[in-house]
Novice: 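Would you mind keeping the following structure in view while I ask a few things?
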Amino acid sequence: MYVQNANASDRKPVTVPGLRAMKAEGRRIVMLTAYDASFAWQLEAAGVDVALVGDSLGMVVQGLRSTLSVTLDHMVYHTSIVARGLQATLLVADLPFMADRDLPHMLEAGARLVGEGGAAMVKVEGAASHILEGIEALVTRAIPVCAHLGLTPQSVNKFGGFRIQGREESAAERLLDQARAVEAAGADLIVLEGIPTALGKRITEAVSVPTIGIGAGPHCDGQVLVLHDMLGVTPGKRPKFSKDFLAGRDSVAAAIAAYVHDVRDGSFPGPEHGFN
Ligand code: KIV
């Protein structure tokens with residue numbers, strides 16, 4: 001069955017400059033992960049602003065314990081099939097583990113995710129000096145970048161697990177500096193993951209780039225969740241920062257619509273989803 005464009009929508013396309021305008025106007029940005037065309041259609045139909053093909057696919061699609069085994073080929077493939085389900089929704093794709101090891105690899109990965117995958121933006125984790133250099137190089141070559149700070153899953157072994165970051169004042173200051181550094185390098189979006197609510201607020205106020213929180217409290221300019229977590233289908237315990245939007249609803253479409261609604265009106269995340 002050939003179903004491309006089955007969801008033809010008349011939504012205005014979400015653009016990279018448009019995200020900054022949303023921050024400036026105080027309109028919350030709704031981001032959600034997707035890994036295939038069928039769910040991408042659901043995001044598109046529900047009015048999600050940004051679809052993220054996260055390397056979380058290693059955990060929720062491939063059944064692995066971390067994101068570290070996901071390859072660039074996996075990312076390009078999943079990005080390309082998600083792209084088929086989208087029209088107005090902006091598509092962001094992750095650079096997988098070690099695709100950022102040096103500038104040539106980073107540029108190659110960015111070029112493939114955009115050229116073959118159809119992404120409009122790529123996401124990179126951390127703010128080490130080679131990452132900042134890479135952000136600058138990608139942006140200079142017209143590849144917009146989403147930075148990802150805080151509990152960056154590709155650093156799980158360095159952190160000793162999926163641990164909340166930025167709890168002590170010195171660590172909070174470091175994350176604040178990193179946010180300013182990725183902004184200066186040219187990032188157009190910053191995902192803040194697994195940090196105290198108060199720090200999410202401080203960073204969001206300190207930068208002009210929109211921030212998207214996941215376990216970073218309600219004060220970010222937008223929110224992202226892993227699709228399988230918010231549909232309650234991830235095996236094991238649901239992360240504290242997530243919510244099962246399918247519980248009490250009768251369809252995936254209704255669950256995603258509720259997520260869009262609750263992020264836009266600020267009712268998700270609630271205080272119970274944050275860290276102090
Ligand atoms: O890989 C992913 O899905 C992510 C989100 C958790 C932000 O990076």
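We use all heavy atoms of the structure for the numbers below, so side chains are in, but hydrogens, waters and symmetry mates are not. Start at 1 and go down the list; that is how both ligands and their atoms are numbered.
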Novice: Do you see a donor-acceptor pair shorter than 3.5 Å between the side chains of His148 and Gln154?
Specialist: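 Judged by distance alone, the side chains do not pair up.
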Novice: At a non-hydrogen distance cut-off of under 4.0 Å, which region of Asp94 contacts ligand 1 (side chain, backbone, both, or neither)?
Specialist: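 The answer is the side chain of Asp94.
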Novice: Heavy atoms only: give me the nearest Arg167-Pro196 pair and the separation to one decimal.
Specialist: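 Minimum heavy-atom separation between Arg167 and Pro196: CA-CG, 4.1 Å.
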Novice: Which heavy atom of the protein is the closest neighbour of atom 5 (C) of ligand 1, given with residue, atom name and distance?
Specialist: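 Nearest protein contact, heavy atoms only, for atom 5 (C) of ligand 1 is Leu52 CD2, 3.7 Å.
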Novice: Yes or no: does Lys123 have any heavy atom under 4.0 Å from an atom of ligand 1?
Specialist: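 Checking ligand 1 against Lys123, which is what was asked, there is a heavy-atom contact under 4.0 Å.
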Novice: First locate atom OH of Tyr35, then atom NE2 of His228, and finally report the distance between them rounded to the nearest 0.5 Å.
Specialist: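 Between Tyr35 OH and His228 NE2, I get 6.5 Å after rounding to 0.5 Å.
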Novice: If the cut-off is 4.0 Å to any non-hydrogen atom of Gly54, which atoms of ligand 1 fall inside it?
Specialist: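 This gives 1 (O), 2 (C), 3 (O) as the contact atoms.
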Novice: Under 4.0 Å from a heavy atom of Ile214: which atoms of ligand 1 are those, numbered in the order shown and with their elements?
Specialist: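 Ligand 1 atoms under the 4.0 Å threshold to Ile214: 6 (C).
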Novice: Between the side chain of Glu44 and the main-chain N/O of Thr89, is any donor-acceptor distance below 3.5 Å?
Specialist: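 Checking the backbone N and O of Thr89 against the side chain of Glu44, a donor-acceptor pair under 3.5 Å is found.
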Novice: Heavy atom under 4.0 Å from ligand 1: found in Leu57's side chain, backbone, both, or neither?
Specialist: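 It is neither part, as no heavy atom is under 4.0 Å.
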Novice: Please work out whether any backbone atom (N, CA, C, O) or any side-chain heavy atom from C-beta onward of Thr33 is under 4.0 Å from ligand 1, and answer side chain, backbone, both or neither.
Specialist: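 Side chain only.
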Novice: Which ligand 1 atoms does Asp55 reach within 4.0 Å, using its non-hydrogen atoms?
Specialist: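 Contacts of ligand 1 toward Asp55, numbered from 1: 1 (O).
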Novice: Under a 3.5 Å threshold, yes or no: a donor from one side chain and an acceptor from the other, between Ser267 and Asp265?
Specialist: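 Yes.
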Novice: Scan for side-chain hydrogen bond (donor to acceptor under 3.5 Å, both in side chains) pairs involving residues 201-210, sequence neighbours excluded, and state none if there are none.
Specialist: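 Output for this query lists Glu169-Arg202, Glu173-Arg202, Glu183-Ser208, Lys201-Glu205, Thr204-Thr211.
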Novice: Is there a polar contact, in the sense of an N or O pair closer than 3.5 Å, between Ser56 and ligand 1?
Specialist: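 Yes; at least one N/O pair falls below 3.5 Å.
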Novice: For residues His261 and Phe268, establish whether the separation of their ring centroids is below 6.0 Å.
Specialist: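 Centroid distance His261-Phe268: not below 6.0 Å, so no.
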